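Following: one structure in structure tokens, then a few remarks.
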Amino acid sequence: VFPWVRAAIPPACAVLALPLAPHAATPAPCSPAGRAIVAEVFYDATGDDTGWEFVELYNPVGVPCPLEGLRLEAGDGAGPGRWTLRWTGSAGDTIPPRGRFVVGGARVDPPPGALATLDLQNGPDAVRLVWPDGAAEVVGYGPLALAEYACGDPAGDAPAGQSLARIPDDAQGGSNALDFRAASPSPGRANQPARDAGLIAGALALDPEQPGEAGDARLAGWIENRGGTGIAANAIGLSVATRGAFGTSDLLASPLGDSLAPGDTASFLLALGRLPAGKQSILVRVALAGDGAPGNDADSLLARVGAGPLEITEIQFHPAGGEGEWVEVRNRSGVPLDPARYTLADRGAARGVPAGGTGPLAAESLAVLAQDRAALLARFPALDPARIWQVSPWAALNNANDGSGLADAVVLRDDDGTRCGRVDYSAAGVPAGVPLELRDGEWLPARVAEGTPLMPPSALPALAGRFAIAPRRVRAGGAEARFSWSLPWPRGTIAIEIYDLAGRRVARPLPETTVSTRGERAWPTGDLGPGLYLAVLRARPEGGGDPLTETVALRIEGEAP
Amino acid sequence: VRLAPALIALAFAGPASLAGAQDFAAPAPPAATSSAAAFLEDGLPPARGAASFEALATSWYGLPDLATRAVALGGGWRAARAAAGFSQTGDPELGWSAAGLGLGLAGPEAGGGLRAVVRRDRLPRSGGALDGAGLEVGGAAWVRAGAGLTVQASAPQLWERGREAPLGRGCEIGATGAMDDLAFRLARVSPRGGAGAARHEAALGLAAGGLRVWLAARDQPLRGALGLAARAGPIAVAAAVESHPVLGETVRISLALGGARP
């Protein structure tokens, strides 16, 4: 039917390899015996595939394998007989014994043996080698419905950025599913070297994800023995460095204590201690003597230590006036920034992108990220529209706490995914419709019921003394009183205790807490019985100094039966 | 034989109480005798029925808006004892006024009485006659157990109606002993309603002529007090300072005319 069938002459490598044909008891191989085989297919690069795609051929026998007349075809698994030619071997194309030959695009590194625009489709699809004598090998991937596109079960679809690699390089398990699996692309190199320790890509995780400037962090990840032989304990070295505006800093070097059989994985958890402040790339590298695939030895993770340039300052998670949910943010970076280069999310994975505002946000300015920009502007017509940004998609914020004691989280990220800030909030005790605002370093119900979008929290009125309680008389049975304090220091640690007239401590509404100069705290009197009580504020300045004790009286009214 | 009345008195006192005072609290050294103010505060009638007048003031923990001023009159005829008094505590917003009445029987060896205090907020919410008003009734007894030992039991808030008292007081049981010029007092105050832990008090006094000085200690939290009393003829003055580790000092002073010599 085809000219190459009639002209077929078995290649030299086929003849010499005949004694090596598989034993009858073993599964029938998918590749014709004694010829070059498909070793790797890279069809889905991260982003644009152009120039990155390749098909690697491997000559498993001890003599050169000429490729003249060999046809490389791509199959479209959507229908029968949809094979199209992508490349044909010429007279000069030969694979040396145990060698490799790559057919691929111009961006493949190292440069391929033959340049070709493969334009391979993502699965379910296939590639096929057809030799001049009619022998053929098919490699199918993805959930194929037609048998012509795979040998046995098709291989699994490789995720973007990974290739479909034959592992081991001469595997002949009887089906594409058994012979191929996803791996880091390795054009021109063995898919499974004898020794290869690799980091599992994308598995690095920092704990906490955004450490505080004074806090320690740990790094977790996974290592896989991708080689064909076992690796002894402590043979793999791990090194971690971080790179940011501060330069590059080596953090630690440590051996992996686990021994790994081929295919085994091991997790690691490294205490990094205190990291430099700011955004940075944490680089992890594994070292193994004789590692045959250095390309999978390194991975990196973007992280931020300390607060990001955008700070969450107010959260409206249960709007009552039809304005939709909104989150107020402040540019704390000191320079203008573009809110559109950040994303907003709740505890889920979906990230909304801001749009609709105008221009960069000036330093120290506030912006509002809104679920419904138009509705928010209708509810608050005095707001500056340039600083109201519509976020799409908007992750609806929960209004009630779950079993964790929290309702939801508001998460800001840079557009590259680096976390910029996160607030986990509780809805307990927040009156309906009242947003939460960041005040004096704490998240508290806003003093203004509808919130203060694009405005700082309303200031507390001056206090006549250092400590006060209002009202001074409340009814028994859970009425609420409000403590107010005004410290003579910028920040201090305070505690509030309640004593009865006999001097016995009966309640502790506020355990030791660090607060700023001026603050308030609501206190439900709970089951405290009727009587005259003394509320005591005990305070001391941050960093040491003379403490302060202030006492005020409180009357709880109640009737005897 | 003399212990029997003491045990009876203890039994009468039930769960035991010598509670923290409020309206008619007087600076009192450890002594077997009581005053008109103590009769109103705890229900313990004085052994002698001599007429007396007392003026009292208490500064609670140094708070200017929380001070008590009180007057008390007391006397007796034969074994009958009576006392009446008026007290005011706190500023108009928080404070209250109180009128007290004590009736009882007492002699050299034993005594028992009832006390009633009616209070009304200084700033009732509605202005009605009974708004913010409350009544409490209690009782107490004492008995000399011999060898200078006197045992007391008090339940100052056996019955309450209306606005509850500013301080819930549990039952108190105590003993006072005197040996020449030395006197001591031990007391245990039960928590009201059984909630919480009991409180304990110990005091030691020394008399020299018309002067008396005493030291006292209480727990929950641990604190100490120093008192001084002096009598010249029918006039007696006393003062005591109690220091609380957190709340500060409570100062009590009294001026008495007549009454029993300690």
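Note on naming: letters A, B, ... go to the chains in the order of the sequence lines (proteins, then strands), and numbering restarts at 1 for each one. Note that the coordinates shown come from a computational prediction; the quantities given were computed from them, not determined experimentally.
To the nearest 0.5 Å, the span separating CG on L123(B) from CZ on R473(A) amounts to 5.5 Å. Separation of atoms CG (D500(A)) and CZ (R169(B)) is listed at 12.5 Å; rounding is to 0.5 Å.
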Exercise. Could you walk me through whether R504(A) and L167(B) pass the side-chain contact (heavy atoms from CB on, under 4.5 Å) check?
Worked result: CA-CA 11 Å; R504(A) 287 171 296 206; L167(B) 175 65; 4.2 Å; yes

Problem set entry | Chi angles and distances behind the side-chain contact (heavy atoms from CB on, under 4.5 Å) call for L532(A), L66(B) | CA-CA 10 Å; L532(A) 186 87; L66(B) 194 62; 3.3 Å; yes

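Counting heavy atoms from C-beta on, the side chains of E559(A) and E164(B) never come closer than 4.5 Å. Side-chain contact between L247(B) and T551(A) is present, with at least one heavy-atom pair separated by less than 4.5 Å. Within the 4.5 Å cutoff, the side chain of D91(B) has heavy atoms near those of the R472(A) side chain.
Among all heavy-atom pairs drawn from G503(A) and P221(B), the shortest one is O-CD, 3.1 Å. Counting all heavy atoms, side chain and backbone alike, L94(B) lies closest to R555(A) at O-NH1, 2.8 Å. Contact record, Y61(B) with L501(A): OH-O, 2.8 Å, taken as the closest heavy-atom pair.
In this structure, chain A has no heavy atom under 4.5 Å from any part of D219(B). The contact between R538(A) and chain B is made entirely by side chain atoms (from C-beta outward), counting heavy-atom distances below 4.5 Å.
Side chain of R163(B) to main chain of E557(A): no donor-acceptor pair is present (N/O by atom type, distance under 3.5 Å, no hydrogens or angles).
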